[in-house]
Number of protein chains: 2
Amino acid sequence: MDNYQYSIAELAQMMDVTTRTIRYYEELGLIAPERKGSVRLYNEGDRVRLKLILRGRRLGFSLQEIEEMLSLYDADPTEVKQLQEVIRRGDQKIKEIEDQIKDLQAVHGELIELRAKLNKTLQEKWKGESSK
Amino acid sequence: MDNYQYSIAELAQMMDVTTRTIRYYEELGLIAPERKGSVRLYNEGDRVRLKLILRGRRLGFSLQEIEEMLSLYDADPTEVKQLQEVIRRGDQKIKEIEDQIKDLQAVHGELIELRAKLNKTLQEKWKGESSK
DNA sequence: ATTTCCTTTTACGTTAACGTCAATTAGTTG
DNA sequence: CAACTAATTGACGTTAACGTAAAAGGAAAT
C-alpha cells in the first residue's frame, strides 16, 4: 500500500529534523498535511516534498527560494498565462543554478590545486628530513 | 604598480557591499587590512580575499565555513603536523563540495524535466485552442 | 479514574549576518 | 579657523530559521 500515513513524530525521525521544523515549514506554506481532527497526518507526497525542502536547505537556499521553486510544480495547467509565467521563472532559476554549479566547480578546482601544492611542500619536507 | 591601496568606501563600492559588511568580516577575522593610524587600507590581496568570501556567501556557505576554507590557505608550511591536518580537512571539504555539485545537478535535471512537461502541456493547449 | 504519551497552539528566546544611528576624530578645502 | 567630508568605534535594531518551554486536549493502558 502506498497510502501509509505518518505522525509528525515519525516523519521527523525519518527525516532527522524536529517536529518544530516541520510545523514551521507548514506555517510558511511549504507543506500542507491532511488533518484528522486537529492532528496532522503525512503521506508519501508530503514526505517527498519535505525531502526536497531539506535538500534545498543543504544547498544553501533560503526557505523563500525553496518555496518559489516548489511553486513551479503547483501551477494550474489550465491557465495559459500562468503556464508561460511559470516557465519563465523556471528558466530563470535554471540559469541561476547553472551559474552556481560553475562557481562550485571553480571552488572545487581551486581546492584541488591547493591540495597539490600542500602535498608537494610536504614531500619536499620529507626529502629534507631523510637526508639529515 | 600592483600595490595600490583602497579605502574602505572604495572597496565597498567595487564589491557592491556596505562598509559595515567589510568591517564585520574583519571582526570575524576573515580580513585583516593594514592600518595607517586608525584608518584601514586595503590592498589587492585583501580585495581577492573579499571576493572569495562573497562567492562563498553566494553559494550558501556560512561565514564560519568560509573562514575554515580560507584558513586552508594560511597553513604554516614549516609544520608537518599542521600540513597533514590541513590536507585532511581540505580533502573533507572537497568531498562535501563534490556531493553538493551532484545534488545541484540533480535539482537542475529535475527543473529541466519539469520545464519540458510544462511546455508540452502548453503546446497541447494551443492545438486544442486552434481547432475551435 | 488517573496516569502516561503524543499532540496541539501560543509565545518568548536565540544565533547569524548584517542595518542603522550616534558620537568622535582626522584630514582638507574655502 | 570654520566647515565639510570620510573614517572610526560602540551600541542597539532586525530578519530568518528555528529552539524551548508552558498550557491544554485526546486516546490508551493500568
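Letters A, B, ... are given to chains in the order of the sequence lines, protein chains preceding strands, and every chain is numbered from 1.
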Starting the side chain at C-beta, find the nucleotide from D/dA17, D/dA7, C/dT7 nearest to A/Y24.
D/dA17
NA contact type, B/I8, heavy-atom cut-off 4.0 Å: base, sugar-phosphate, or nothing?
sugar-phosphate
To the nearest angstrom, the CD-C1' distance between B/E26 and D/dA7 comes to 13 Å
Considering all heavy atoms, the nearest B/I22-B/I8 contact:
CD1-O, 4.0 Å
What is the minimum heavy-atom distance between B/R47 and B/M14, and which atoms define it?
CD-CE, 3.1 Å
Rounded to whole angstroms, how far apart are CD on B/E27 and C1' on C/dA17?
11 Å
What is the distance from CD1 of B/I22 to C1' of D/dA7, rounded to the nearest Å?
13 Å
Interatomic distance, B/Q5 CD vs D/dA6 C1' [rounded to whole Å]:
17 Å
Measure the distance from CD on A/E67 to P on D/dA16 and round it to the nearest whole Å.
12 Å
State whether the distance check finds a donor on one side and an acceptor on the other, under 3.5 Å, for side chain B/R20 versus base C/dT20.
yes
Counting only side-chain N and O atoms of A/Y25, is one of them less than 4.0 Å from OP1 or OP2 of D/dC18?
yes
Grab the CG-C1' distance between A/L59 and D/dA17 for me, whole Å please.
17 Å
Could you please name the option among D/dT8, D/dC18, C/dT7 that lies closest to any side-chain atom of A/T21?
D/dC18
Among D/dC18, C/dC18, C/dT8, the one nearest any side-chain atom of B/L63 is C/dC18
For A/D46 and A/N43, indicate whether the former's side chain and the latter's backbone hold a donor-acceptor pair under 3.5 Å.
yes
With a cut-off of less than 4.0 Å, is there a side-chain N or O of B/R23 near OP1 or OP2 of D/dT8?
yes
Assess, by modelled atom type and distance only, whether the side chains of B/E96 and B/Q92 contain a donor and an acceptor separated by less than 3.5 Å.
yes
Output the rounded distance in Å from OH (A/Y6) to P (C/dT7).
15 Å
So does B/S7 get a side-chain nitrogen or oxygen closer than 4.0 Å to the phosphate oxygens (OP1/OP2) of D/dA7?
yes
Nearest whole Å is fine: how far is C/dA16 P from B/E65 CD?
13 Å
B/S62 has its side chain closest, among C/dT7, C/dA17, D/dA7, to C/dA17
Listed nucleotide nearest any side-chain atom of B/T18, set C/dG19, C/dT9, D/dT9:
C/dG19
Less than 4.5 Å apart, side chain to side chain, heavy atoms only: is that true for B/R57 and B/Y25?
yes
Options C/dT7, D/dT8, D/dA7, nucleotide nearest the side-chain atoms of B/R40:
D/dT8
